[in-house]
Every structure is written in structure tokens, then in C-alpha cells.
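Letters A, B, ... are given to chains in the order of the sequence lines, protein chains preceding strands, and every chain is numbered from 1. Just so it is clear, the values below take in all heavy atoms, side chains as well, and ignore hydrogens, waters and symmetry mates.
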There are 4 protein chains.
Amino acid sequence: MARQSKSKGRTLTSKGRQRRSQILSYATVRFASDGYHPTSVADIVGGLGVGKGVFYWYFESKEQLFLEILRDAQKDLRRYQRDSIADLTDPIERIEAGIRAGVIWMADNPELRRLFEFARSEDTFARSMKVGEATLISDAAEHLRIAIDAGRIPCRDPEALAHGIFGVTNQLTMAYIDHGDGDPAEVADLVVSICRNGFAGLSDQLTGDSNSADVIVNPAWSRTV
Amino acid sequence: MARQSKSKGRTLTSKGRQRRSQILSYATVRFASDGYHPTSVADIVGGLGVGKGVFYWYFESKEQLFLEILRDAQKDLRRYQRDSIADLTDPIERIEAGIRAGVIWMADNPELRRLFEFARSEDTFARSMKVGEATLISDAAEHLRIAIDAGRIPCRDPEALAHGIFGVTNQLTMAYIDHGDGDPAEVADLVVSICRNGFAGLSDQLTGDSNSADVIVNPAWSRTV
Amino acid sequence: MARQSKSKGRTLTSKGRQRRSQILSYATVRFASDGYHPTSVADIVGGLGVGKGVFYWYFESKEQLFLEILRDAQKDLRRYQRDSIADLTDPIERIEAGIRAGVIWMADNPELRRLFEFARSEDTFARSMKVGEATLISDAAEHLRIAIDAGRIPCRDPEALAHGIFGVTNQLTMAYIDHGDGDPAEVADLVVSICRNGFAGLSDQLTGDSNSADVIVNPAWSRTV
Amino acid sequence: MARQSKSKGRTLTSKGRQRRSQILSYATVRFASDGYHPTSVADIVGGLGVGKGVFYWYFESKEQLFLEILRDAQKDLRRYQRDSIADLTDPIERIEAGIRAGVIWMADNPELRRLFEFARSEDTFARSMKVGEATLISDAAEHLRIAIDAGRIPCRDPEALAHGIFGVTNQLTMAYIDHGDGDPAEVADLVVSICRNGFAGLSDQLTGDSNSADVIVNPAWSRTV
DNA sequence: AATGAATGAGTCTTCATTCAT
DNA sequence: AATGAATGAAGACTCATTCAT
């Protein structure tokens, strides 16, 4: 009767599925706060007040559990970004909305951002990470390519740009949200602004209020380069 | 005779100092390739073909060793960036040279970049990382502030810009050097270009060959934003 | 309606009895192929595609199940040997037929032979094995005693001879049937021949075709002994 | 300085080598008395009053330790048999001496005989056993072949005979020495006698004191077969 | 300075068994 | 009769660290 959910090829009841996701989410929190290695299976089941066997009823191993967390998180982030740009047709708007969605998602899921960071640093998980990351990058790159083709932004390697956006998003989210107390929406603005203009490009103030695009950005710059 | 060097409050001979740094660098390699936790002290001494006592003669603990690696690496990166901009006086040039130095250093020390990534993800080491990172960020921010004050780049929060630069450098180095086979100098160019202009700013081609700054970057952009 | 069958003091329906013997025979296969200890109850019920409760509905414990397998197998072997000699009256013929039956049964039940071997090696089961084995041995010894009393074979401790037969049967079955691909009937001939004559006795060829029993077996032998 | 002994590729001091063989022999006893699986590593180190790590300092795993015990035992048995027949030149005498040596060795090492029995019953170890067993069998078969070629015993497959001898030795040793209190030398006589003559051949009394080989062994036999 | 030996708490994982449904 | 859930003791093995020599 119960709907099925894959877990060691087992058939889970609804109570079982509940338990499973309880473990999943509690483990996520612990991994994020203490680190993957320092968090033992005993910590997880202990924190949940259940027997040790429960863990292995639902998961094959600590490693598989972690990989599942990672996969789910990457899927969720991607879905969130997709949903956030679904209604937009203008490529530039889509890019911006995607960036904002990325920041918001990371602000909403600081544990997962941290887990990503760890996962990238260890071979066992790096492989799995690269797949999901590549998807995210190529999603973004695709939008950039469209914008370039449409002559909306200057021609540059869209994949490199996507990486740049990714890097800025990551770093500023960490600095101002995880380690600071920045407002996600404002941080998103900041990220968009930096991604769009770089440090030498138009400042927000300039772009914001001016249609006098003839205010040459920084004549100084072109001379010094 | 031998000059002295502190280690666990011990006085080392020159041979001792050699041993010590041998351990230091071998551990770095192992930590980077296998991860900090998965690398045991036994792995380290075993790989070096020495007894276990050696490790504890020179280091207080595995954790202290790692912290030392981290501190040394951050110091080295900072020194390298300083040296790279020492001869330059123009703030914009200094910023660029700093970015380039960052990319080159990371290309030269991929293990350390990876270690940084891990260290940030675990509380025990995150604290230590933040200090060094903050220094790097504030170094860059200072140069940006000077450039802004001099009217050379548009006014924006210099610290945020510095974070952005940091994020782009990290991400592109990882993508194109650690996980790819990009040429460090070219990647450095790419990073500089993206940091300077963002995705919507001037492309390299435009800035490079043109004095016609009147080529308005992207009129479309201002309309859509 | 259904006839009754005891199991854990329970009354089983015919379907229940079927389940029970299904478990019994599947467990036998697994125990034989993987070993008793390495085979878990989970392996058994998993392989059968049923829930864990089923096992404990029909059996008190893994150990009891194994003991039952052992007992059943020993009973079956004994019954098979009895049936095989039922029609024979000549003591020598009975002995030979018993040997042949032993080889055939073991060829037909290689898993059980293996289980016997394990069971003898572990105290928990050795006790149970000895009882059944003693029965087999004394069955054979009885026939040997009769043959000796009848002057049909030379006087020797019949129990020792029975053990000898048992050992030869076991070893040759294992070597040529379990681990080889010998034909059971031929192996049975071989076992009979070796049991009858030993290595220094008459060869099959000699006994087979000769009524010249005066062909003294090996005069050399008596000299060298 | 210390001589070397392979153990996880480690260099052992003489104290270390002592510890290693202490573990080896204590484990042998425990495995034999309680069974391989029921004996935990904790039991072994506990019984020796040392820390758990000691075990893994000297052995890679419980399984490797067991394999080493097995290998050593097989080697020892073989050496013992070789030494026991070294001075003999007559093939028949060599065979007999080999049988006797086998019985004596097993009487002296009942634990090892038991371990052999278990090892044969589990796939993990069966492979390793077969190698050593095959050597023993082919050693014996070679002597039998020589005796056959010399016309000293009737022509029969020497390998099959060797298996027969092996089976008889095993079974009678177990029955009369391990589970009984037979005198090893007498049991050896018994085994030799059974191996030589089978149940239908000359009894020892007959062969021993008689040159009247004309006492036709068992005229009855040839008639009944 | 350096070695091999030793420790023992702690890791992940398994498993026979019980139980509510 | 049968299921999935749960237990928790126990298993093999690891590892940072200490110590006698």
C-alpha cells in the first residue's frame, strides 16, 4: 500500500519514510556544524534518540547518506533557480534572477553551502560535486550565451563568466550572510552588481539613475591598462 | 653551532629543521590529496619511512601541524602578492598585479588551495582561516579604496569588491587550473578581465584595442535593468 | 482440515509447513555456500523475499534451525543407507551397498556434506554431530561384526574399520565429486575398492577377473613389513 | 640490528617477534577451542592482557592471521612427514612411516587438525587449504607410484590411494585421539593396518606372524563379489 | 633524535532478535 | 501469518598519542 521510496531497496511505510528524512535532515545539520568526519553515526542516532541499527536500516553507509544529501541539495538549488527564472524571458533578466536565486538559496541553506565546500575538498565527494556543479555552470552559461548572441552583453567565454558568477556568489554569501548578518536581498543586489560590472565597471548609482550612458565609465582605466 | 629554531619549545639543529620541514611538506601533500581526516599520522610517518616518535618530536599534534601549514601558506601567499606589486605605484596596476599574483600562487600551490577549502568548512580550522583571509581581503580592499578615492574606479564598497575578486580568483583557478589544464597566465588574464568588467562590462577586445571609449558598452543593458 | 505439524510448539497449516521447509532448504544452501556464521538471518529472509518476522515465526533461532538441518540430514543419510541395503542379506554385500549408498548420498547432497564438516569443527554443533555420527558408525560396525563372526572377513575391531570406511568415503567424495567432476558411481567403486583392499591389497583388476585367489597378493609386502 | 620477520612490512625487534608468535599461538588455541568466528579479536587480546592495537600492529586482520596459522601448520606437517621418512629408502616403508608421522603430528596438534576441518568448510579458507592439501596428497601419491612401478603394491590410481590414506588418518585420529584417549602409536598402527589392507585384507595378526601366505585371505570374499 | 611497542577510546558496521501493526 | 521498524550489544578495525629504550 505504502508508496515506495528507494532506500537500500527496501519498501518503506509512511512512518519509515518520515524517519528516513528525519535522519537525513538531522545529519545535514550535524555535518554542517561539526564537519562530516567529526560527526559520527553514533552522534547522529544519539542525537535522535534512536538505536544504532536504525541508521543502517535506512542508509547503506555514512558515505552514501552524505552523497544523498549532496545530490538532493544540488537538485534543490537547481530547481529553485529554475523556478525563479521561469516567468522571465529576457536573457539578462534571467541571468540576474538566477544570481539572486542562488544567493537567496544559499542564505536559506547555509548548512548546505558549507557541506558543498567540504565536499569539494575531499576526493571521495569531489567527483559527485563536480557533476552537479557542472550542471549549474552550464545552465548559467547557456543564458549568457543567449545574451551574447543577442548582442546584449559583450562577447566573452560564457562558461568562464558563469564560473565567475558562481565564485562571487559563493564568496559574498559566505562573507556577508554565513559569517555576517547581511540581508539576503541586499547581498543579492551586491552580487548582481559586482557580477555585472566588475570593480571597474559602472557603479550601481551610475547605472541606476542615469540614461546618460555617455558618462564614460572610467576613461582613466583604459589609459592605465 | 647550528642556528636555532623553535618547535615544541625545542631547539633544533639544522638537520632537525630539515626533518621538520620535510614532515611539513609531505603532510601538506597527503592532506591535500586524501583529505585532512583520512590522512593519519601513521600515513605521514609511514610515507616518510620514519618512526612514529619523529612526528611527535617535532609537532605537538596533528591539529597543530595542520594549523601551521595553514598559517604558513597564508603568510606565503600574502608575501607573494606583496612582492608582486612592490614595484608598482599606480593603484589600478597594483590591483591587477595582485589578482594575477593570486592566480599564479594558487596555480603553483594547488594543494594549499584545496587545504584552504577544507579548512574553511570545519569549525576547528575556520577560525584560523578567517584571520588570514581577512588580511588578504583588507589588503585588496585598501588598494581599491585608494583607487576609488583617486577617482580611478567608481565608488563601491571596497571590501565587497575585494570579496568578489577573491571569489572569482578561487573559482576560476579551481575550474581551469586544478581541474583543467589552463595556462596560469591566461587564466590570470581571464580573472582580471572578469573582475574588472563583470559580464556586462567591456569585453577585453573592446578595451584592448579601442580608444573609442564612446562605444557605449551596452545600451541594451541600461534599458533592461 | 490441514494436517498439523509442530514448530515452536505451533500448529501449522499445510501452507505453513511449506513455508517452513522452504526456509529450511534455502538456509541449507546458503549455509553451505557461504558458511554458517557468514550467513545472516537477514540473508536468508532477504533471499526468500520475505520479512524478518517469518523466520522467527517458524524457528526459535538461527542455531536451532541449523541443528534441525543437521539432524534431518543425518536422519536422511541413515534412512538412505538402510533402504539401500534392505534387500540384501549377505553381510559383505550389505557393507558394500552401504558404502555405495554413502557415496551416492553425499554426491547428491554436497551442501550437507559441507555442513557436516563445519558442524564438527565448532563445539556448539559438535555435540549434536557426534550422536548422529556414532549411529552411522555403529550401523556399519554391526555389519562388519557380523561378517567377522561369519568368518567372511578377517578379525579386526569393527568400529575402527567403520571409521576407516567413513574417512575414505568422506575424503574421496570431497576430492572427486565436490571439488572434481567424478561420476558418483565410479567414485563409489573406487571407495569400495580402497575400503576393501587398502593400498596393498588386491587391485580391482585382480579381484575382478580372477578366481585364482591363490595369486598371493604381494609377497614383497610381508617381507618388508 | 634486529633480524627481520615479515609482518605488515614492519621491522620487528626480538621482543616484537616474541609478541607476534605469542599472539599466533594463543589465537590458534582459541580458534580451535571456540571456533574461528566465535573467537573475537577482543577475546584474543583480552586473553593475552594486551591492548587491542597490539593485534593490528602485528597482523593485518583476523583473516590474515588465520591464513598464516593455516599455512604454517600445513608447512609444519609436511616438514614433519618429510623428516620422518628421510632415512628410509624402501618405498613401502616410506609410505608407512609417512602415515605414522601424519597420525603422530595430528595427535600432537589436535587444535590444528580441527582448524583444518573448519577451514575446509568455508570458502574464504578452502582455497588456501586446497593448495597445501594437494601438496600432501601428491607427496604421498608419488611414493605410492614408486611402489607400484616397483611391483611392490598392486596397480591402482596412486592419487586415489593417497586420498584414501588421508581420509582414514583424519577420521581415526579424530575418533580415537581427539575425541577418545587412544595412544597415538597404537592408533598409528591401526591406521597403517587399515590403509594397507582395507577391511577385507589380511589382518595384522595374519600378516605379522605368518609366512603362511597360503592362508588365502578371504576366499569367501571373491565369491561374494 | 629516533624507533618500535603499546594503548584504548572510538569508528563504522552487522546481526540475532523482538515487537507493534 | 507476515511485515517493516527498532534495538543494542558486539564485531573488526583505526588512530592520535605516549613511552621505554
Side-chain angles (χ1 to χ4, degrees), chain A residues 1-2 7 10-20 37-45 50-63, chain B residues 10 12-13 15-16 19-20 37-45 49-63 65, chain C residues 10 12-13 15-16 19-20 37-45 49-63 65, chain D residues 1-2 7 10-20 37-45 49-63 65:
Chain A
M1 298 306 135
S7 137
R10 250 193 257 291
T11 303
L12 300 179
T13 63
S14 86
K15 196 181 152 212
R17 262 173 289 130
Q18 237 173 289
R19 181 65 100 201
R20 195 171 192 277
H37 288 294
T39 303
S40 70
V41 173
D43 288 337
I44 296 171
V45 295
V50 298
K52 212 166 277 192
V54 169
F55 184 93
Y56 290 94
W57 178 260
Y58 294 103
F59 300 96
E60 262 183 24
S61 66
K62 190 186 164 187
E63 190 178 319
Chain B
R10 250 194 267 288
L12 301 177
T13 65
K15 200 181 144 215
R19 247 291 129 83
R20 195 170 191 280
H37 288 294
T39 303
S40 69
V41 173
D43 288 336
I44 296 170
V45 295
V50 299
K52 225 167 247 191
V54 171
F55 185 94
Y56 289 93
W57 180 260
Y58 294 104
F59 300 95
E60 254 177 34
S61 67
K62 190 185 165 190
E63 191 178 319
L65 162 70
Chain C
R10 250 193 266 289
L12 300 178
T13 65
K15 199 181 144 217
R19 246 293 131 83
R20 195 169 191 281
H37 288 294
T39 303
S40 69
V41 173
D43 288 336
I44 296 170
V45 296
V50 300
K52 225 167 248 194
V54 171
F55 185 94
Y56 288 93
W57 180 258
Y58 293 104
F59 299 95
E60 254 178 33
S61 67
K62 190 186 165 189
E63 192 179 317
L65 161 70
Chain D
M1 300 307 136
S7 138
R10 249 193 260 292
T11 303
L12 301 179
T13 62
S14 86
K15 197 181 152 211
R17 263 172 289 131
Q18 238 173 289
R19 181 65 99 199
R20 194 171 193 276
H37 288 294
T39 303
S40 71
V41 172
D43 288 337
I44 296 170
V45 295
V50 299
K52 210 167 280 190
V54 170
F55 184 94
Y56 291 95
W57 179 259
Y58 296 102
F59 300 96
E60 263 183 23
S61 65
K62 190 186 163 186
E63 190 179 319
L65 161 68

Student: Relative to the 5' end of DNA chain F, which residue comes earlier, C:V50 or A:V54, by the nucleotide with the nearest heavy atom?
Tutor: C:V50

Student: Anything under 3.5 Å between a protein N or O and an N or O of nucleotides 13-17 of chain E, put it in a table, one pair a line.
Tutor:
{"from": "E:dT13", "atom 1": "OP2", "to": "A:Y56", "atom 2": "OH", "distance (Å)": "2.7"}
{"from": "E:dT13", "atom 1": "OP2", "to": "A:K62", "atom 2": "N", "distance (Å)": "3.1"}
{"from": "E:dT13", "atom 1": "O5'", "to": "A:Y56", "atom 2": "OH", "distance (Å)": "3.4"}
{"from": "E:dA16", "atom 1": "OP1", "to": "C:K62", "atom 2": "NZ", "distance (Å)": "2.8"}
{"from": "E:dA16", "atom 1": "OP2", "to": "C:V41", "atom 2": "N", "distance (Å)": "2.6"}
{"from": "E:dT17", "atom 1": "OP2", "to": "C:Y56", "atom 2": "OH", "distance (Å)": "3.0"}
{"from": "E:dT17", "atom 1": "OP2", "to": "C:K62", "atom 2": "N", "distance (Å)": "3.1"}
{"from": "E:dT17", "atom 1": "O4", "to": "C:K52", "atom 2": "NZ", "distance (Å)": "3.4"}

Student: Defining pairs by Watson-Crick or G-U wobble geometry with both distances under 3.5 Å, how would you list the stems of DNA chain E with at least three pairs each?
Tutor: E:2-21 with F:2-21

Student: Can you see if the side chain of A:R17 gets near the phosphate of F:dG4 - specifically, an N or O under 4.0 Å from OP1 or OP2?
Tutor: no

Student: Please give, in whole Å, the distance from E:dA2 C1' to B:R20 CZ?
Tutor: 17 Å

Student: Can you find a side chain N or O atom of A:R19 that sits less than 4.0 Å from OP1 or OP2 on F:dA6?
Tutor: yes

Student: A:K52 and A:V45: which non-hydrogen atoms are nearest, and at how many Å?
Tutor: CA-CG2, 4.0 Å

Student: Check whether any side-chain N or O of A:R10 sits under 3.5 Å from a backbone N or O of A:Y58 as a donor-acceptor pair, and report yes or no.
Tutor: no

Student: CZ of D:F59 versus P of F:dA12: gap in Å, rounded?
Tutor: 15 Å

Student: Looking at D:W57, I'd like to know whether one of its side-chain N or O atoms comes within less than 4.0 Å of OP1 or OP2 on E:dA6.
Tutor: no

Student: Do B:V50 and B:R19 touch side chain to side chain, with heavy atoms closer than 4.5 Å?
Tutor: yes

Student: Respond yes when some side-chain nitrogen or oxygen of A:T13 is under 4.0 Å from OP1 or OP2 of F:dA5, and no when none is.
Tutor: yes

Student: Between B:K62 (side chain only) and B:T39 (backbone N and O only), is there a donor and an acceptor less than 3.5 Å apart?
Tutor: yes

Student: Just so I know, are the side chains of B:R20 and B:W57 near enough to count as touching, which here means a heavy-atom distance under 4.5 Å?
Tutor: no

Student: Is the phosphate of F:dG4, meaning OP1 or OP2, less than 4.0 Å from a side-chain N or O of A:R10?
Tutor: no

Student: Which nucleotide in the set F:dA6, E:dA6, E:dT7 lies at the smallest distance from any side-chain heavy atom of D:Y58?
Tutor: E:dA6

